[in-house]
There are 2 protein chains.
Amino acid sequence: MNDRVAPPAQSSPARERLWDRYRDEALADRLSSMPWNGALDTMLCHRSVRSYLDQPLAPGLLELIVAAAQSAPTTSNLQAWSVIAVQDKARKARLAGYAANQKHIHDAPLLLLFVADLARLHRISEERGYPGAGLSYIEAFIFGVADASFAAQNTVVAAESLGLGCCFIGAMRNQPQAVADELALPDESMVVFGMTIGYPDPAIATAVKPRLPQGVVLHHERYSPPQKADIAVYDERMADFRVEQEMRMIDWTEQMARRVKDEAALTGRHVLKQFLQDRGLILK
Amino acid sequence: MNDRVAPPAQSSPARERLWDRYRDEALADRLSSMPWNGALDTMLCHRSVRSYLDQPLAPGLLELIVAAAQSAPTTSNLQAWSVIAVQDKARKARLAGYAANQKHIHDAPLLLLFVADLARLHRISEERGYPGAGLSYIEAFIFGVADASFAAQNTVVAAESLGLGCCFIGAMRNQPQAVADELALPDESMVVFGMTIGYPDPAIATAVKPRLPQGVVLHHERYSPPQKADIAVYDERMADFRVEQEMRMIDWTEQMARRVKDEAALTGRHVLKQFLQDRGLILK
């Protein structure tokens, strides 16, 4: 089942990448002769990188990556997002302190903070003499989060295509007020997540994490609840992965169920609704 | 200023793509000798496509694209999203009817609906005997929207790398209950946006839309409010673009300010808070 070496006759970049992502022989075989290109290869090879060389990004790379980020679609061209690049070690350390003190935030040469930015649209509205009343609805918060996320995902693809590694930092929502203060964020904006970026330490191996069987995530025509058997198959594939990676053994389902079980499991993020409302967001 | 032909000595793929995206000579010059690759080229060349050939996707392409989507990072590997592929013409027409009856929804061979899916995690929690109480917090909705958006952006990059075109459909939030009913969505889930996909009609030209000057979106160390001059420059660049595209003339700032000015400007989406709460989301 977990033989990483496919028979040579069937081998192709598509087959190998798809096998790594799903560990599903049937899917990998079925798609083994599909067209392949550098963009697909970059995306399929994604893995989070948490160990970086002590080396800043080459000049211009940040601007190039942000150009890819800005090339992502945005809702009605509202461009309701910003990104803050933090390289100052002391500021990065303080931000790490608000985010479970994750070691890779200290170590990465660059920390990006992705902002759902309705403040810029508020300012533009004021200057034009409009009330900007739509910005206080959850609709606006949704497109702010979506726009920031589209941009962030292009950031991941651009960075990895250039040989960099990165890791999302959801823990930047653990202490949202402290993070907002540190970054001088205006009202009607919020850091949705951070991202560490740097040159991967070649001494630390990383691996592609298997995802849920495609049939669990991809539905046809209407939503179909997941089959227990498909989730069980994924638990097995993730167990194999955890053995290989020498990670603590726990079922994916058990881990996920614990991750969302109650307020305490949210590691501080239960205050986000009040935090957002205090900033003039999601009021309606 | 808007001469599309750069002096041959300075020309490079990076310079040309960056010029198209920003129409900023200085930035294009500064980054003209940066490394370049297929992934960057695909992302920088993005433009929305709304005119499609009457031709279904080649077999396997949808699965290949979804593999790229699933390869995107997800919050704590929660994978809190789903995608529904609609190809049935009658269903697609009904969904178009809920989304401002946009012509390209009817015409595209494939409509994808991206779902912030906390229902799957709710089900997993129940089966494991956990309450899943964290799922009713706005924190969970944020990671659901973010996970769906990361996946959707990889979908865009994968589709475009394969010669397909696509267009986000935010209007799928105009009548959220009708959309949820049509797709048999369970509670604790929501269609965040749709996406049309198909082979671009070569008879219909499309163009790369300029984005805000990089300095407006990229901040260093702390958030800095946008400079009026930078916004004015963007209004000028967008005006040039609108003339070239024979689009209705309106300042970008004016258009954006109107887009968020009040409840009526949200085209039905002012009901989203109640809709989400009725589904067990964003209660806390």
Side-chain angles (χ1 to χ4, degrees), chain A residues 21 31 34 37-39 42-44 46 60 64 66 68 70-73 75-76 79 82-85 88 121 124-125 128 130 132-135 137-139 145-146 149-150 153-154 157 161 168 170 183-185 211-212 217-220 222-223 253 257 259-262 265-266 269 272-273, chain B residues 21 31 34 37-39 42-44 46 60 64 66 68 70-73 75-76 79 82-85 121 124-125 128 130 132-135 138-139 145-146 149-150 153-154 157 161 168 170 183-185 211-212 217-223 253 257 259-262 265-266 269-270 272-273:
Chain A
R21 184 57 70 195
L31 300 179
M34 295 302 290
N37 60 52
T42 298
M43 289 185 282
L44 269 285
H46 164 74
L64 182 60
V66 171
Q70 285 193 261
S71 297
T75 309
S76 303
Q79 305 180 61
S82 278
V83 61
I84 305 174
D88 179 79
L121 291 167
I124 285 170
S125 296
R128 287 276 171 167
Y130 288 105
L135 297 168
Y137 285 77
I138 187 128
E139 158 64 10
V145 172
S149 302
F150 301 149
Q153 185 53 31
N154 263 14
V157 177
S161 81
F168 273 111
L183 299 171
L185 278 198
R211 294 287 192 230
L212 282 164
V217 170
L218 171 61
H219 312 244
H220 289 279
R222 307 190 88 192
Y223 188 95
T253 51
R259 174 70 175 69
V260 296
K261 77 175 191 297
D262 56 20
L266 299 182
R269 305 181 205 174
L272 279 171
K273 190 171 189 180
Chain B
R21 183 57 69 195
L31 300 180
M34 296 302 291
N37 60 53
T42 297
M43 289 186 282
L44 269 286
H46 165 74
L64 182 61
V66 171
Q70 286 192 260
S71 297
T75 309
S76 303
Q79 306 180 61
S82 278
V83 61
I84 305 174
L121 290 166
I124 285 171
S125 295
R128 286 279 171 166
Y130 288 105
L135 297 169
I138 188 131
E139 157 63 11
V145 172
S149 301
F150 301 149
Q153 186 52 31
N154 263 14
V157 178
S161 81
F168 273 111
L183 300 170
L185 278 198
R211 294 288 191 229
L212 282 165
V217 171
L218 171 60
H219 312 244
H220 290 281
E221 298 301 329
R222 308 189 88 191
Y223 187 96
T253 51
R259 174 71 175 68
V260 297
K261 77 175 192 297
D262 57 19
L266 299 183
R269 306 181 203 173
H270 62 284
L272 278 172
K273 191 170 188 180

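To find a chain, count down the sequence lines: A is the first, B the second, and so on, and within it residues start at 1.
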*asked:* The test is side-chain contact (heavy atoms from CB on, under 4.5 Å); show your working for Val83(A) and His219(B) and say whether it passes.
replied: CA-CA 6 Å; Val83(A) 61; His219(B) 312 244; 5.8 Å; no

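- A distance-only check finds a donor-acceptor pair linking the side chain of Asn37(A) to the backbone of Ser161(B) [under 3.5 Å].
- Nearest heavy atoms, Tyr130(A) versus Ala257(B): CD1-CB, 3.4 Å.
- Side-chain contact between Tyr137(A) and Leu266(B): present, with at least one pair of heavy atoms (C-beta onward) separated by less than 4.5 Å.
- The side-chain heavy atoms of Thr253(B) and Arg128(A), taken from C-beta on, include a pair separated by under 4.5 Å.
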*Give the intermediate values and the outcome of side-chain contact (heavy atoms from CB on, under 4.5 Å) for residues Val260(B) and Ile124(A).*
CA-CA 10 Å; Val260(B) 297; Ile124(A) 285 170; over 6 Å; no

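- Contact record, Ser82(B) with Tyr223(A): OG-CE1, 4.0 Å, taken as the closest heavy-atom pair.
- With a 4.5 Å cut-off on non-hydrogen atoms, Leu183(B) touches chain A through its backbone and its side chain both.
- In this structure, chain A has no heavy atom under 4.5 Å from any part of Ala265(B).
- For the residue pair Gly60(B) and Leu31(A), the shortest heavy atom distance occurs at O-CD2, 3.7 Å.
- Contact of Arg269(B) with chain A is made through backbone and side chain together, with heavy-atom distances under 4.5 Å.
- Counting heavy-atom pairs under 4.5 Å between each of Ala85(B), Ala39(B), Gly38(B) and chain A puts Ala85(B) at the top.
- The most heavy-atom pairs under 4.5 Å with chain A, out of Val145(B), Val66(B), Leu121(B), Thr42(B), come from Val66(B).
- Most heavy-atom pairs under 4.5 Å with chain A, from the set Val157(B), Thr75(B), Leu64(B), Leu44(B): that is Leu44(B).
- Your options are Pro73(B), Gly132(B), Ala146(B), and the one with the most heavy-atom pairs under 4.5 Å with chain A is Pro73(B).
- Remark: the Ser71(A) side chain and the His46(B) side chain contain no N/O donor-acceptor pair separated by less than 3.5 Å.
- In terms of heavy-atom proximity, Gln153(A) sits nearest to Phe150(B) at CG-O, 3.3 Å.
- Of the listed residues (Asp262(A), Leu272(A), Val217(A), Asn154(A)), the one with the most heavy-atom contacts under 4.5 Å to chain B is Val217(A).
- Glu221(B) places a side-chain N or O within donor-acceptor distance of the main-chain N or O of Asp88(A), the cut-off being under 3.5 Å.
- In this structure a side-chain-to-backbone donor-acceptor pair under 3.5 Å is present from Gln79(B) to Leu212(A).
- Heavy-atom distances place the side chain of Phe168(B), and not its backbone, under 4.5 Å from chain A.
- Comparing Ala72(B), Ser149(B), Gly170(B) by how many heavy-atom pairs each has under 4.5 Å with chain A, the most go to Ser149(B).
- Checking side-chain atoms of Arg211(A) against main-chain N and O of Gln70(B) turns up a donor-acceptor pair under 3.5 Å.
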